[in-house]
Amino acid sequence: MTRTTGILADRAIDALFAEGRLKSEAPLDADQVQPASLDLRLGSKALRVRASFMPGREHKVADKLERLTLHEIDLENGAVLETGCVYIVPLMESLDLPQDMSASANPKSSTGRLDIFTRVMVDHAQEFDKIPAGYRGPLYLEISPRTFPVIVRRGSRLSQIRFRVGHSLLSDTELLDLHKAETLVASEVPNVSGGGIALSIDLKGSGPDGLIGYRGKHHTSVIDVDRKAAHDVLDFWEPLYSRGRDELILDPDEFYILVSREAVHVPPLFAAEMTPYDPLVGEFRVHYAGFFDPGFGHAGAGGAGSRAVLEVRSHEVPFILEHGQVIGRLVYEHMQERPAGLYGTGLGSSYQAQGLKLSKHFRVG
Ligand SMILES: Nc1ccn([C@H]2C[C@H](O)[C@@H](COP(=O)(O)OP(=O)(O)OP(=O)(O)O)O2)c(=O)n1
């Protein structure tokens with residue numbers, strides 16, 4: 001059954017490409033179309049700009065780049081992007097969306113886990129990562145590595161895009177009904193409000209060593225975003241252990257990888273997105289949050305017990321995070337149809353059935 005509204009599944013994304021609604025300067029990579037999203041690829045140059053900017057209603061991105069570019073970097077053979085600098089990269093994909101179809105972008109989970117700040121920009125945009133219905137034109141990615149310098153190249157995939165027709169977010173009541181039927185978040189008393197279901201932090205740690213998370217090191221060597229299992233964990237991360245107090249003091253200048261207390265489940269006919277918890281309850285937040293694919297944590301796709309990985313920062317002041325503190329919400333949307341491939345089923349998925357897991361770039365053991 002296909003719904004008229006909802007998030008486009010893999011087959012419909014393939015159809016967009018076939019119909020010329022989605023174009024690319026090179027044929028799509030075999031695994032570029034995911035169950036409910038498309039990975040976006042970097043083009044052949046990066047422009048180092050003085051500062052981040054918003055195109056605004058009157059301007060194309062290219063107009064502003066003329067004024068703000070400091071220098072151009074060739075990405076054909078790979079180049080290092082430094083921490084603290086802002087780069088704009090024209091993407092290989094461009095859009096000619098139908099009038100009833102909009103899109104939204106997000107860093108890939110692997111990108112967030114490396115603390116690479118990325119946002120998609122389009123011509124005349126007044127918001128980042130939101131592509132208005134009917135948009136026709138190029139896509140650009142703003143990139144600013146925050147903790148580690150990174151090597152990227154033409155074709156690297158740092159961010160992803162979801163296409164949607166109409167509005168199909170589940171209301172609180174629909175979410176509770178779905179939770180009763182499918183157990184979305186493994187918690188005895190689900191906390192549903194504001195259209196989302198709460199996720200809380202695990203600071204008790206799992207396993208005999210009581211590992212609760214990692215803190216990013218400073219002044220490290222570079223990470224190649226296209227190489228899996230190539231880097232030693234301890235060169236880049238300081239492991240954090242539970243000391244019996246189930247709390248962690250977040251330092252405002254540091255970046256943390258932590259894990260949700262609850263296992264998460266996205267049934268095949270739905271897609272989810274994590275949104276930061278109301279920042280008014282504290283100065284901390286999940287920094288990248290991100291898309292959750294249909295099939296993530298789904299028993300039928302080998303995902304029972306999958307936790308969500310949380311990239312956490314405190315702003316302004318040190319903050320004591322306690323075990324079970326709510327840190328984000330998962331909002332669920334209808335898919336238009338069941339994807340041909342679910343997350344975790346032969347798609348080379350990296351994070352199905354994960355516990356506390358660093359990005360795929362690091363070697364375990
Ligand atoms: N803060 C987040 C965001 C996402 N995820 C999970 C749910 C997603 O379904 C899964 C994969 O997300 P992406 O597709 O963004 O990740 P990658 O493309 O980097 O990984 P993969 O190689 O698995 O496709 O990671 C998570 O645990 N914590």
Side-chain angles (χ1 to χ4, degrees), residues 7 9-10 13 29-41 104-118 120 129 150 152 155-162 184-186 196 199-202 213-214 223-229 255-268 270-277 285-298 301-303 305-313 327-333 335 339 341-362:
I7 304 277
D10 39 17
I13 298 174
D29 295 346
D31 57 351
Q32 203 178 335
V33 177
Q34 299 280 313
S37 62
L38 172 79
D39 287 353
L40 297 169
R41 294 176 296 185
S104 54
N106 229 307
K108 282 169 43 126
S109 186
S110 303
T111 310
R113 290 175 205 217
L114 290 179
D115 201 15
I116 310 172
F117 185 77
T118 67
V120 166
D129 280 339
V150 293
V152 302
S156 295
R157 289 145 52 168
L158 297 183
S159 83
Q160 55 191 337
I161 189 168
R162 269 185 182 170
L184 301 179
V185 162
L199 282 183
S200 68
I201 203 99
D202 183 346
Y214 297 91
I223 294 176
D224 187 327
V225 300
D226 296 319
R227 291 184 65 202
K228 288 191 188 176
F255 177 70
Y256 299 84
I257 296 286
L258 303 171
V259 69
S260 69
R261 190 168 61 142
E262 302 85 3
V264 168
H265 175 211
V266 187
F270 298 87
E273 186 172 346
M274 200 192 327
T275 57
Y277 191 51
R285 55 180 278 156
V286 276
H287 205 63
Y288 296 96
F291 291 160
F292 282 65
D293 296 286
F296 182 79
H298 187 60
S306 299
R307 312 282 193 92
V309 160
L310 309 165
E311 305 94 9
V312 180
R313 268 187 195 287
I327 196 157
R329 287 187 186 285
L330 278 177
V331 296
Y332 283 73
E333 269 179 277
M335 295 294 297
L342 291 177
Y343 191 78
T345 51
L347 303 178
S349 309
S350 311
Y351 307 121
Q352 186 71 303
Q354 70 180 358
L356 171 63
K357 179 106 163 48
L358 291 169
S359 76
K360 56 195 171 197
H361 309 92
F362 299 98

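Atoms within a ligand are numbered from 1 in the order they appear, just like the ligands themselves.
- Going from atom CG of Asp293 over to atom CD1 of Ile7 covers 11.0 Å, rounded to the nearest 0.5 Å.
- Considering backbone and side-chain N/O of Lys108, one or more are found under 3.5 Å from N/O of ligand 1.
- The closest approach between Arg157 and ligand 1 stays at or above 4.0 Å for every heavy atom of the residue.
- When each atom of ligand 1 is checked for a heavy atom of Met274 under 4.0 Å away, the hits are 1 (N).
- Here the heavy atom of the protein found nearest to atom 27 (O) of ligand 1 is Gln354 NE2, 2.6 Å.
- Heavy-atom contacts of Ser350 reach the following atoms of ligand 1: 21 (P), 22 (O), 23 (O) (cutoff under 4.0 Å).
- Look at Ser349 and you'll find a heavy atom under 4.0 Å from some atom of ligand 1.
- Atom 11 (C) of ligand 1 has Tyr343 OH, 3.3 Å as its closest protein atom, hydrogens excluded (heavy atom only).
- Residues passing the side-chain hydrogen bond (donor to acceptor under 3.5 Å, both in side chains) test with Arg113, sequence neighbours excluded: Ser109, Gln354.
- Of the candidates Ser109, Ala36, Gly328, Ser110, Ser109 brings a heavy atom nearest to atom 13 (P) of ligand 1.
- The side-chain hydrogen bond (donor to acceptor under 3.5 Å, both in side chains) test applied to Arg157 returns Asp29, Asp31, Asp39, not counting sequence neighbours.
- The two residues Arg307 and Ser260 make their nearest non-hydrogen contact at NH1-O, 2.8 Å.
- Less than 4.0 angstrom separates some heavy atom of Gln34 from each of these atoms of ligand 1: 24 (O).
- With ligand atoms numbered from 1 in the order given, ligand 1 contributes 1 (N) to contacts under 4.0 Å with heavy atoms of Glu311.
- Side-chain contact of Ser110 with Tyr351: a donor-acceptor pair under 3.5 Å is present, judged by distance alone.
- Here's the thing with Phe292: none of its N/O atoms is less than 3.5 angstrom from an N/O atom of ligand 1.
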